[in-house]
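Read the structure below first, then the notes.
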Amino acid sequence: MLPAERPQPGKTGNRDFITLNRQVVKCERCPRLIAHSRQVAVTKRRAYLDWNYWGKPVPSFGDISARLLILGLAPGAHGANRTGRMFTGDRSGDFLYKSLYTAGFASHPESRNAQDGLQLYDAWITAAAHCAPPDNKPTPQELRNCRPFFERELELLTNVQVVVALGKIAFDTYLSVLKNRGGIERFSDFRFGHGVLYDGLRPALIGSYHPSQQNTSTGKLTQSMLDEVFAHAARLIRSGRAPAAPPR
């Protein structure tokens, strides 16, 4: 069973999502990324020598009825590429899941491995690229290769009201899909910035700095800054008919 196939409360058995995630894991469209993910899984990091690394494209994760869609950049080499679940097992995940827990979108404030019981409420996490890239830099062609998976997710996630794009690459990836679909006319109408909201779009779009170690260690992105992004997303969602998550 893939990490993202583990049941969420009341959300089991959706074959479309399971099929899509299996296609992601089997994908070999980007030989450079596949080779890098596998090589990292062999060489490992000293702290994780006893781990059996995932070492494959990482599937998406979350609640298939989500009204919040989170789009990241790509799996971390020793994070999701090790654990097999998005934003799991590294500092980026530490920041992200703490904010999601605070806003009511996650059952736990941390995510260490794919068997830790963490569940997402009303949220779905995906990435512009599903393989760990060297230096965290997928090429434009590699991003294009991976985009059909994201486009399919947008078709399946019919309840999404808010998209949070973590970083400019994710932000631009989402806008490129909208432009190709005729949802926007010009990229120049949308400038990336932390906390910027485009509520004229449906779903609404919020930009955020990516919780990369570089951003968080330098203070460019703090925990409170990321907390506010997801608090804002929750307020937008909760302005509708139902709460963003069941009470804990």
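- Hydrophobic clustering keeps Phe87 apart from Leu73 (ILVMFWY residues linked when any side-chain heavy atoms are closer than 4.5 Å, directly or through intermediates).
- Heavy-atom contacts from other residues, nucleotides or ligands closer than 6.0 Å to CD of Gln23 number more than 12.
- The pair Arg38-Glu28 meets the salt-bridge criterion, with a side-chain N (NZ, NE, NH1 or NH2) lying under 4.0 Å from an Asp/Glu carboxylate O.
- Counting only residues at least two apart or in different chains, side chain to side chain donor-acceptor pair (under 3.5 Å) contacts with residues 180-191 comprise Arg186-Asp189.
- Listed for the Arg85 side chain is a donor-acceptor partner under 3.5 Å among the backbone atoms of Asn113.
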Requested in this report: Assess whether side-chain contact (heavy atoms from CB on, under 4.5 Å) is satisfied between His108 and Tyr97, documenting all intermediate values.
Outcome: CA-CA 7 Å; His108 304 322; Tyr97 285 110; over 6 Å; no
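- In this structure, Cys131 and Ala74 approach most closely via the heavy-atom pair O-CB, 3.6 Å.
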Query raised in the report: Going through the distances and angles, do Tyr198 and Phe190 end up as a ring pair (Phe, Tyr, Trp, His ring centres under 6.0 Å)?
Result: CA-CA 8 Å; Tyr198 292 101; Phe190 303 89; 5.0 Å; yes
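- Asn145 CG to Cys27 SG: the interatomic distance, rounded to the nearest 0.5 Å, is 7.5 Å.
- Between Leu197 and His232, some side-chain heavy-atom pair lies under the 4.5 Å cut-off.
- Side chain of Ser37 to main chain of Ile34: no donor-acceptor pair is present (N/O by atom type, distance under 3.5 Å, no hydrogens or angles).
- Of all heavy-atom pairs between Ala233 and Val162, the closest is CB-CG1, 4.0 Å.
- For the pair Leu143/Ile169, a side-chain contact is recorded, criterion being any heavy-atom separation below 4.5 Å from C-beta on.
- No donor-acceptor pair closer than 3.5 Å links the side chain of Trp51 to the backbone N or O of Trp54.
- When all heavy atoms are compared, the tightest approach of Tyr53 to His78 is OH-ND1, 2.8 Å.
- Between atom OG1 of residue Thr216 and atom CD of residue Gln214 there is a gap of 9.5 Å, rounded to the nearest 0.5 Å.
- To the nearest 0.5 Å, atom CZ of residue Phe61 and atom CG of residue Asn21 are 11.0 Å apart.
- Separating the CE atom in Met86 from the CG atom in Leu96 is a distance of 11.5 Å, to the nearest 0.5 Å.
- The two residues Arg238 and Gly104 come nearest to each other via the heavy atoms NH2-CA, 4.2 Å.
- A heavy-atom distance below 4.5 Å is not found between the side chains of Gln161 and Leu68.
- Residues Gly72 and Ala170 come closest through the heavy atom pair O-CB, 3.6 Å.
- Between Lys98 and Asp94 there is no salt bridge, since none of the side-chain N atoms of the basic residue sits less than 4.0 Å from a carboxylate O of the acidic one.
- Salt bridge present: Glu110 and Arg112 bring a charged side-chain N and a carboxylate O closer than 4.0 Å.
- For CZ of Arg91, the number of neighbouring non-hydrogen atoms (other residues, nucleotides, ligands) closer than 6.0 Å is 12 at most.
- Classification of the Phe105-Phe230 ring pair by plane angle, with boundaries at 30° and 60°, yields perpendicular.
- Taking the side chain as every heavy atom from C-beta outward, Ser224 and Glu228 never approach each other to under 4.5 Å.
- Considering only residues two or more places apart in sequence or on other chains, Phe95 meets the ring-ring contact (aromatic ring centres under 6.0 Å, His included) condition with none of them.
- The nearest pair of heavy atoms linking Ser111 to Leu118 is CB-CD1, 3.9 Å.
- For Thr19 (side chain) and Asp16 (main-chain N/O), no donor-acceptor pair under 3.5 Å exists by modelled atom type.
- When side chains are defined from C-beta on, Tyr121 counts as touching Ser107, because their heavy atoms get closer than 4.5 Å.
- A donor-acceptor pair is defined here as one N or O able to donate and one able to accept, closer than 3.5 Å; such a pair exists between the side chain of Asp122 and the backbone of Arg67.
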Could you pull out all donor-acceptor pairs under 3.5 Å where a side-chain atom in residues 200-212 meets a protein atom, sequence neighbours excluded?
residue: Arg202; atom: NH1; partner: Asp199; partner atom: O; Å: 2.3
residue: His210; atom: ND1; partner: Ser212; partner atom: N; Å: 3.1
residue: Ser212; atom: OG; partner: Asn215; partner atom: N; Å: 3.2
residue: Ser212; atom: OG; partner: Asn215; partner atom: ND2; Å: 3.4

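- Salt bridge Glu142/Lys137: absent, no basic N to carboxylate O contact under 4.0 Å.
- With a 4.5 Å cut-off on side-chain heavy atoms, Glu153 and Ser60 count as touching.
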Query - Verdict with reasoning, Leu69 to Val164, per side-chain contact (heavy atoms from CB on, under 4.5 Å) - result: CA-CA 6 Å; Leu69 173 61; Val164 172; over 6 Å; no
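- A donor-acceptor distance shorter than 3.5 angstrom exists from the side chain of Thr83 to the backbone of Thr88, with no hydrogens or angles considered.
- The CZ atom of Arg15 sits 12.5 Å away from the CG atom of Leu20 when rounded to the nearest 0.5 Å.
- Taking CG of Leu156 as the start and CD of Glu151 as the end, the distance is 12.0 Å to the nearest 0.5 Å.
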Requested in this report: Would you please test Ile125 and Leu100 for side-chain contact (heavy atoms from CB on, under 4.5 Å) and show each step?
Outcome: CA-CA 11 Å; Ile125 299 178; Leu100 291 178; 4.1 Å; yes
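- Side-chain contact check for Gln223 and Ser99: at least one donor-acceptor pair (N or O, by modelled atom type) lies under 3.5 Å.
- For the pair His130 (side chain) and Val24 (backbone), a donor-acceptor distance under 3.5 Å is absent.
- A cation-pi geometry, defined here as NZ or CZ lying under 6.0 Å from the six-membered ring centre and within 45° of its normal, does not hold between Arg22 and Phe17.
- Within 6.0 Å of atom NZ in Lys44, more than 12 heavy atoms from other residues, nucleotides or ligands are found, so the atom counts as buried in its surroundings.
- Counting heavy-atom neighbours within 6.0 Å of Gln213 CD, excluding the residue itself, gives a total of 12 or less.
- Two residues are said to be in side-chain contact when any heavy atoms from C-beta on lie closer than 4.5 Å; Phe171 and Ser176 fail this criterion.
- No side-chain heavy atom of Leu166 sits under 4.5 Å from any side-chain heavy atom of Leu71.
- No side-chain donor from either of Arg32 and Thr139 sits under 3.5 Å from a side-chain acceptor of the other.
- Cluster membership check: Val163 shares its hydrophobic cluster with Phe187, using side-chain heavy-atom separations under 4.5 Å among Ile, Leu, Val, Met, Phe, Trp and Tyr.
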